[in-house]
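This is a predicted model, so every value here is computed, not measured.
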Amino acid sequence: MGKVIWITGAGSGIGKALALAYDEDQNTIILSGRKKNQLDEVASLLSNPYVLPLDVINEAEIVEAVNQVDHKFGKVDILINNAGLSQRALVQETSNDVGRKLMEVNFFGSIHLTKAVLPLMLKSNEGNIVAMSSAAGKFGFPLRSYYAASKHALHGFYEALSLELKDTNIHVTVVCPGRIKTDISKNALKGDGAAHNQMDAGQANGISVEKCASQIKKGITRNKSEIYIGGGEILLIYIKRYIPSLFRFIAKRVNPK
Ligand SMILES: NC(=O)c1ccc[n+]([C@@H]2O[C@H](COP(=O)([O-])OP(=O)(O)OC[C@H]3O[C@@H](n4cnc5c(N)ncnc54)[C@H](OP(=O)(O)O)[C@@H]3O)[C@@H](O)[C@H]2O)c1
């Protein structure tokens with residue numbers, strides 16, 4: 001029997017590319033997200049799909065979904081918390097409600113699902129837990145204040161979890177993509193909660209989802225704790241780490257769109 005791989009945000013972008021990349025060796029791919037029509041479309045491209053609609057900010061839905069997966073498969077080998085939502089608005093334009101929504105989807109959605117799946121992995125003493133952060137989980141960036149905060153928060157949580165799991169065969173990977181060519185900027189929220197609805201130049205010039213998915217898969221197979229993926233923008237992670245003043249000099253001059 002192949003692996004059971006659960007991907008959230010699987011109806012589009014990086015999640016869809018990951019589903020296709022893992023469609024081999026009789027793997028079962030559990031596809032989650034809110035838009036069932038998109039999940040069904042991805043399912044039609046796979047050998048062993050299992051469509052499981054899920055809004056990650058709904059805790060009751062998470063419990064129900066995990067029960068369903070436990071009942072049907074009895075295990076999860078790889079959980080990829082990929083669902084996410086970006087932001088395109090200045091701090092002073094972003095309502096508190098929009099800010100909370102970004103934290104709910106990107107942070108609480110990810111950690112609540114992980115917590116609910118963890119008992120299954122502890123039972124078999126194996127698994128890979130993957131959190132989708134961002135280069136904006138490593139440094140702040142204009143128009144993405146709450147987004148960056150939500151992604152930074154993932155690093156603290158998942159580092160703590162990985163240390164707690166040090167004596168198990170469960171591995172935690174945090175992925176930090178730079179700019180990947182998806183609809184993330186179109187779906188990003190403006191300050192009033194409306195969709196930004198624009199393909200930003202940074203996104204349009206990003207690397208392909210196929211390349212991104214292949215690098216994520218390779219990193220998970222190697223049980224890497226962090227994976228950085230993208231073009232030149234990934235250099236900023238290292239510049240921020242080693243020469244913070246240079247990071248500020250450059251980041252102030254980069255077009256945030
Ligand atoms: N593209 C990039 O340049 C980039 C860079 C760094 C990090 N990332 C991260 O990569 C991940 C995937 O993004 P993407 O680029 O592939 O963009 P995307 O196509 O917009 O994908 C986001 C996915 O998240 C799902 N989602 C949003 N809210 C959800 C909720 N409440 N419950 C369940 N699913 C939800 C969406 O599906 P539904 O609308 O159907 O729910 C969608 O499939 C995100 O975590 C993002 O922050 C992307």
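In the displayed structure, K16 atom NZ is contacted under 6.0 Å by at most 12 heavy atoms of other residues, nucleotides or ligands. Heavy atoms of other residues, nucleotides or ligands lying less than 6.0 angstrom from NZ of K211 number 12 at most. Within 6.0 Å of atom CZ in R248, 12 or fewer heavy atoms from other residues, nucleotides or ligands are found, so the atom counts as exposed in its surroundings. Shown here is Q92, whose CD atom has more than 12 heavy atoms of other residues, nucleotides or ligands within 6.0 Å.
In this structure, R241 contributes its side chain and K138 its backbone to no donor-acceptor pair below 3.5 Å. Side-chain N or O atoms of S150 include none that pairs as donor or acceptor with a backbone N or O of N106 at under 3.5 Å.
No path of Ile, Leu, Val, Met, Phe, Trp and Tyr side chains, each step under 4.5 Å between heavy atoms, connects I78 with I30, placing them in separate hydrophobic clusters. One hydrophobic cluster, built from ILVMFWY side chains closer than 4.5 Å, holds both Y228 and F247. Hydrophobic clustering (ILVMFWY, side-chain heavy atoms < 4.5 Å, transitive): L118 and I7 are in distinct clusters. Clustering ILVMFWY residues whenever any of their side-chain heavy atoms sit less than 4.5 angstrom apart, transitively, puts I184 in a cluster other than the one holding V175. In the hydrophobic clustering of this structure, V66 groups with L122; members are Ile, Leu, Val, Met, Phe, Trp, Tyr whose side-chain heavy atoms approach within less than 4.5 Å, directly or through other members.
Between the NE2 atom in H152 and the CZ atom in F139 there is a gap of 8.5 Å [rounded to 0.5 Å]. Distance CG/L189 to CG/L85: 4.0 Å, rounded to 0.5 Å.
No hydrogens or angles considered: nothing links the side chains of Y158 and S133 as a donor-acceptor pair under 3.5 Å. Donor-acceptor pairing under 3.5 Å is lacking for the side chains of N48 and T28.
Side-chain atoms of L18 and I29, non-hydrogen and from C-beta on, never get closer than 4.5 Å to each other. Residues V174 and H155 have side chains in contact (heavy-atom distance under 4.5 Å, counting atoms from C-beta outward). Between F157 and F107 the shortest side-chain heavy-atom distance falls below 4.5 Å.
Among the candidates D77, D70, L79, the single residue satisfying the side chain to side chain contact (heavy atoms under 4.5 Å, CB included) test with L120 is D70.
Here the shortest heavy-atom pairing between R88 and S86 reads NH1-OG, 3.1 Å.
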